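Below is one structure; the comments refer to it alone.
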Amino acid sequence: MKLSTRFFLRQDTLLIARSLLGKLLVVPDGEGNRVSGMIVETEAYLGPNDRAAHSFGGRRTTRNEVMYGIGGRAYVFFVYGMYYQFNVVTGPVDRPHAVLIRAIEPVENLELMTARRGGLKQQALTSGPGKLCIALGIDRSMNGEDLRGERVWLEQYKTFRESHVSTGKRVGIDYAQDYIDKPWRFWVTSNKFVSKSR
DNA sequence: CAAGTGATTAGC
DNA sequence: CTAATCACTTGC
């Protein structure tokens, strides 16, 4: 069953980032087959007050516009000339927070994911934000997509106790000054699909 | 470890 | 208009 809109409207984006661990991210292919993976790593981006966020200081551009919309939609952006990143927008209108999905563990339709990733070994399939978008077929056409729709959504799958969850600093935000060390990254402890820190 | 890649942004 | 940047990945 798809996650309710209420889930994405909780006040605390950090709590949402934490509770997304164990949820299933589902992106059907064009032919009615489910392709999915369990979320094992996330990062919270806390809007205007977070120097690492695209919406820092109230920055509002064509790219990050959906961050300013209602929670429960996809924020997909393109970076480094090659990769897409999939985020979930949280909170009410005009509170531009989002949670980046950094890694998933493949669950349904491994064959298709492997083919899309060029036949790499299993562990490399979805262990990073750009990799999982390739494996799931996520691109810019899903930016702004409602997560209650038919193109991409989240489902309850597993629950992890606090003792199985780790937190630490976010990856690839060296420009974020005093926000570099905020422990706003969450992952399933010792899960082998969690991305490598750089 | 460094190149690759091009959309996006800020600054003029 | 132009130049710099970038919430990354891969292959050397």
Side-chain angles (χ1 to χ4, degrees), chain A residues 8 13-14 16-18 20-21 23 25 37 39-69 71 73-91 95-106 113-145 147 152 154 166-188 192-198:
Chain A
F8 303 103
T13 300
L14 290 172
I16 296 175
R18 156 69 181 87
L20 280 172
L21 298 176
K23 301 288 189 282
L25 175 56
I39 297 171
V40 297
E41 182 183 356
T42 62
E43 278 177 2
Y45 286 86
L46 304 188
N49 300 318
D50 176 5
R51 192 171 280 280
H54 288 163
S55 51
F56 174 69
R59 226 163 65 225
R60 184 167 187 159
T61 64
T62 342
R63 178 176 69 162
N64 72 8
E65 181 60 29
V66 305
M67 288 186 85
Y68 286 83
R73 297 194 178 159
Y75 171 39
V76 180
F77 65 91
F78 187 67
V79 74
Y80 295 118
M82 284 183 225
Y83 302 106
Y84 293 102
Q85 311 267 315
F86 178 82
N87 299 250
V88 171
V89 176
T90 66
R95 198 193 60 162
H97 290 203
V99 176
L100 171 68
I101 309 303
R102 281 196 61 86
I104 62 174
E105 176 175 324
M113 286 192 251
T114 309
R116 283 170 170 167
R117 292 281 293 126
L120 287 163
K121 64 172 192 271
Q122 197 191 7
Q123 193 173 322
L125 277 189
T126 54
S127 54
K131 300 178 191 176
L132 71 89
C133 284
I134 298 171
L136 292 176
I138 291 170
D139 62 26
R140 62 190 316 115
S141 76
M142 287 175 198
N143 187 40
E145 200 73 17
L147 298 175
V152 50
L154 295 161
S166 302
T167 62
K169 51 166 106 169
R170 295 170 290 178
V171 176
I173 53 154
D174 293 346
Y175 55 86
Q177 303 176 22
D178 43 331
Y179 284 82
I180 290 175
D181 294 327
K182 299 286 182 194
W184 294 345
R185 172 175 173 234
F186 302 84
W187 67 93
V188 176
K192 58 179 200 247
F193 290 91
V194 170
S195 71
K196 304 271 183 285
S197 278
R198 291 179 305 153

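Below, chain A is the first sequence line, B the second, and so on; all start at residue 1. Values below: all heavy atoms of this structure, side chains included; hydrogens, waters and symmetry mates excluded. Every value quoted in this text rests on a predicted model; they were computed, and no experiment measured them.
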Provide, to the nearest angstrom, the distance between the CZ atom belonging to A/F77 and the C1' atom belonging to C/dT5. 13 Å
Please give the nucleotide sitting opposite B/dT5 as a Watson-Crick or G-U wobble pair, both distances under 3.5 Å, or none. none
Can a side chain N or O of A/R59 be found less than 4.0 Å away from OP1 or OP2 on B/dT8? no
Sort out for me which residue in A/S166, A/S127, A/S195 forms a side-chain hydrogen bond (donor to acceptor under 3.5 Å, both in side chains) with A/E41. A/S195
Quiz question: by atom type and distance under 3.5 Å, do the side chains of A/E43 and A/Y45 form a donor-acceptor pair? yes
When you check the phosphate oxygens OP1 and OP2 of C/dC6, does a side-chain N or O of A/Y83 lie under 4.0 Å from one of them? no
A/T61 has its side chain closest, among B/dT9, C/dA7, C/dT10, to B/dT9
Please state how far atom CZ in A/R170 lies from atom P in C/dC6, giving the value in whole angstrom units. 14 Å
pair_partner(C/dA7), Watson-Crick or wobble, both distances < 3.5 Å, evaluates to none
Provide, to the nearest angstrom, the distance between the CZ atom belonging to A/R140 and the C1' atom belonging to B/dA7. 7 Å
Calculate the interatomic distance between A/I134 atom CD1 and B/dT5 atom C1'; express it in whole Å. 13 Å
Which word best sums up how the rings of A/W184 and A/Y179 line up, parallel for under 30°, tilted for 30 to 60°, or perpendicular for over 60°? tilted
Validate the cation-pi geometry between A/R63 and A/F77: distance from NZ or CZ to the six-membered ring centre under 6.0 Å, angle to the ring axis within 45°. yes
May I have the distance from A/F86 (atom CZ) to C/dC8 (atom P), rounded to whole angstrom? 16 Å
When all nucleic acid strands are considered with a 4.0 Å heavy-atom cut-off, which category describes A/Q85: base, sugar-phosphate, or nothing? sugar-phosphate
Of all heavy-atom pairs between A/A74 and A/V66, which one has the smallest distance, and what is that distance? O-CG2, 3.8 Å
What's the CE-P distance between A/M82 and C/dC8, to the nearest Å? 13 Å
Measuring to OP1 and OP2 of C/dA7, would you say a side-chain N or O of A/R185 lies under 4.0 angstrom away? no
How long is the line joining NE2 of A/H54 and P of B/dT8, in whole Å? 11 Å
Could you state the NZ-P distance from A/K131 to C/dC8, rounded to the nearest angstrom? 12 Å
Determine, answering yes or no, if A/Y80 is stacked on B/dG6 under the 5.5 Å centre rule and the 30° plane rule. no
Distance test, side-chain N/O of A/R63 to OP1/OP2 of C/dC6, below 4.0 Å: no
